**Q** 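Take this structure first; my questions come after.
Chain letters run A, B, ... following the sequence lines, proteins first, then strands; residues in each count from 1. Here the structure is a predicted model, which means the values were calculated and not measured.
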Number of protein chains: 2
Amino acid sequence: MKSLSHSEENYLKEIFHLSGLTEKRVSTNGLASRLNTKASSITDMLQKLSDKKLVEYVKYKGCFLTEEGERIAIQIIRKHRLWETFLVNKLSFGWEEVHDVAEQLEHIDSEKLIDSLDRFLNYPKFDPHGDPIPDKDGKIVYRKSKIKLLDAATNSRVEIVRVNEDSLALLKFLERHQLTLGTELDVLEKFPFDDSMSVRVGELLEINLSKKVTENIGVKFISKL
Amino acid sequence: MKSLSHSEENYLKEIFHLSGLTEKRVSTNGLASRLNTKASSITDMLQKLSDKKLVEYVKYKGCFLTEEGERIAIQIIRKHRLWETFLVNKLSFGWEEVHDVAEQLEHIDSEKLIDSLDRFLNYPKFDPHGDPIPDKDGKIVYRKSKIKLLDAATNSRVEIVRVNEDSLALLKFLERHQLTLGTELDVLEKFPFDDSMSVRVGELLEINLSKKVTENIGVKFISKL
DNA sequence: AAATATTTTTAGACTTGCCTAAAAATTTAT
DNA sequence: ATAAATTTTTAGGCAAGTCTAAAAATATTT
């Protein structure tokens, strides 16, 4: 239970994100590009994490987290999302400003701190981007009715319940077009040639959204139009 | 203005604390014992900080901070003390629990974060141990009338305005004997043979405090008895 | 003021986490 | 199914920050 380096924690977190709910094996290059390092560095670290029994790793075959590795990864994600919630709800940060600071704060090592923060924030279930916050025991409640805006049916009204926080540019774009969490929009038409989509926000505003945008927005079905 | 490693920041902070208000030169061994490293490590790092123009260092003669080094040190201390205040005032930590966590939090690099936190806490002037919190510009308001309990006159009533946070054991001791910030006590008698001191707390309780204790408590004179 | 003791620095080594370049394995394409 | 392309690993190196042991400088004692 001795503590891990920031680097090790980042690897675990990223492996968790990449393997997704499908428990896919994660490739070396995949990790390298997400972590902005070279493949050879990944190989080194996977050896090390494998020795520590935090990942299962087979040469040339990629890796996945062990139970213990996953437990740790989820706790880091819990910290990240609680800190983001703190920054937005208590310190009035914008949702596009919190990611980088949370990347630092997530490595602070104090169980008491994070549990106190959780209580202080009133046990929030979702962070400012709509991602679920794991509880103290690592339980994550995924919003079951959530789909990508990309996959929403035409002529339906949906509500934005999640946005991908990875891209600062996307978050700024959404902010600018009033596409914030909780916003309702109507899916008007899809254009197969570029997978773009026209939506209406509010009464008047009609916007065409690229695939890049719609695949990074999570929505919940509200009603047929 | 590029950012420093945690280690470099800790060195600057510690040099600041050791040189005190007197601007003493700081010795290699002095630093080594405070930073729990060996003297040889100190020498290495002083070379480096000297190259970066953050300390003035002369071989065998110790070091002191440059203006820039001091500026940075004060900002780290500002962060440390604001975080301690947050932990105690908002997350209900005890004053003896905050030091270690604050040692981590003080390295989080975000000016916006720390300034937001300052506002959120309502621009506190002192941290939970009574130490002054530097403002955004690095200005520190030292409590003018503060003296060590060790030096308080017999037959005087004083108020505790500061305790040294370095020793967890001391803080627990003080907590246990109700010697918290703001407590008033009467200096009854001093015993030169061991520099201990008898004080009365409240109406009844009389305690003998060792030099180790009284030299780590700051008090303000209230009245003659 | 010499001799001794203490402090500080140097020299060489280790670990972590990263890199580049080259080799090996795997995958894809012909 | 072999050749070509891609992915992954190995090998060797580098910087940061630490260590131990030995040498050099400074301070203290007699």
**Q** Quick one: side chains of residues 29-42 of chain A, donor-acceptor pairs under 3.5 Å with protein atoms, not counting sequence neighbours, listed by atom name and distance.
**A**
from  : atom 1 : to     : atom 2 : distance (Å)
A/S33 : OG     : A/G30  : O      : 3.4
A/R34 : NE     : A/E14  : OE2    : 2.8
A/R34 : NH1    : A/D166 : OD2    : 3.1
A/R34 : NH2    : A/E14  : OE2    : 3.1
A/R34 : NH2    : A/D166 : OD2    : 3.3

**Q** Over how many whole Å does the gap from A/L31 atom CG to D/dT7 atom C1' extend?
**A**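 For the pair A/L31 CG and D/dT7 C1', the rounded distance is 14 Å.
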
**Q** Hey, does B/T37 reach any base, or is it just sugar-phosphate, or nothing, if we go heavy atoms under 4.0 Å?
**A** sugar-phosphate

**Q** In whole angstroms, how far is the C1' atom of C/dT16 from the CG atom of A/L49?
**A**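 After rounding, the reported distance stands at 13 Å.
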
**Q** Who passes side chain to side chain donor-acceptor pair (under 3.5 Å) against A/Q75, sequence neighbours left out?
**A** none

**Q** Could you tell me whether A/K90 sits above the aromatic face of A/F120, with NZ or CZ closer than 6.0 angstrom to the six-membered ring centre and within 45 degrees of the axis?
**A**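 Yes, a cation-pi geometry holds between A/K90 and A/F120.
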
**Q** Does anything in residues 46-68 of chain B pair up under ring pair (Phe, Tyr, Trp, His ring centres under 6.0 Å), and if so which pairs, sequence neighbours excluded?
**A** none

**Q** Can you check whether B/S40 has a side-chain N or O nearer than 4.0 Å to OP1 or OP2 of D/dT18?
**A**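 No, because none of the side-chain N or O atoms of B/S40 sits under 4.0 Å from OP1 or OP2 of D/dT18.
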
**Q** Round to the nearest Å and state the distance from A/R25 atom CZ to C/dT27 atom P.
**A** 12 Å

**Q** Just to verify, what does B/N208 make a side-chain contact (heavy atoms from CB on, under 4.5 Å) with, not counting sequence neighbours?
**A**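 Checked B/N208 against side-chain contact (heavy atoms from CB on, under 4.5 Å); matches are B/F191, B/S196, B/S198.
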
**Q** A/N36 has an atom CG; how far is it from atom P of C/dC18, in whole Å?
**A**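 Interatomic distance, CG of A/N36 to P of C/dC18: 11 Å.
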
**Q** At under 4.0 Å between heavy atoms, what does B/S41 touch on the DNA or RNA strands: base, sugar-phosphate, or nothing?
**A**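 Base contact - B/S41 has a heavy atom under 4.0 Å of at least one base atom.
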
**Q** Compare side-chain N and O positions of B/Y57 against OP1 and OP2 of C/dT8 and report whether any pair is under 4.0 Å apart.
**A** no

**Q** Test: salt bridge (charged side-chain N to carboxylate O under 4.0 Å, His left out). Region: residues 111-134 of chain A. Which pairs qualify, not counting sequence neighbours?
**A** A/R78-A/D115, A/R78-A/D118, A/R81-A/D127, A/E111-A/K136, A/K112-B/E97, A/D115-A/K136, A/D131-A/R162

**Q** Salt bridge between B/E68 and B/R71, side-chain N to carboxylate O under 4.0 Å?
**A** yes

**Q** Please state how far atom CD1 in B/I42 lies from atom P in D/dT20, giving the value in whole angstrom units.
**A** 13 Å

**Q** Between B/N29 and C/dT8, is there a contact of a side-chain N or O with OP1 or OP2 at under 4.0 Å?
**A**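 Yes, because at least one side-chain N or O of B/N29 sits under 4.0 Å from OP1 or OP2 of C/dT8.
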
**Q** Between C/dT10 atom C1' and B/L46 atom CG, what is the distance in whole Å?
**A**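 These atoms are roughly 14 Å apart.
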
**Q** Roughly, in whole Å, what's the span from CG in B/L4 to P in D/dA16?
**A** 13 Å

**Q** Closest nucleotide of DNA chain C for B/T28 versus for A/D44: which of these residues is on the 5' side?
**A** B/T28

**Q** In whole angstrom, give the distance that lies between atom CD of B/Q47 and atom P of C/dA11.
**A** 11 Å

**Q** Pick out the pairs of N or O atoms, protein on one side and nucleotides 24-26 of chain C on the other, that lie under 3.5 Å.
**A**
from   : atom 1 : to    : atom 2 : distance (Å)
C/dA25 : O4'    : A/Y60 : OH     : 3.4

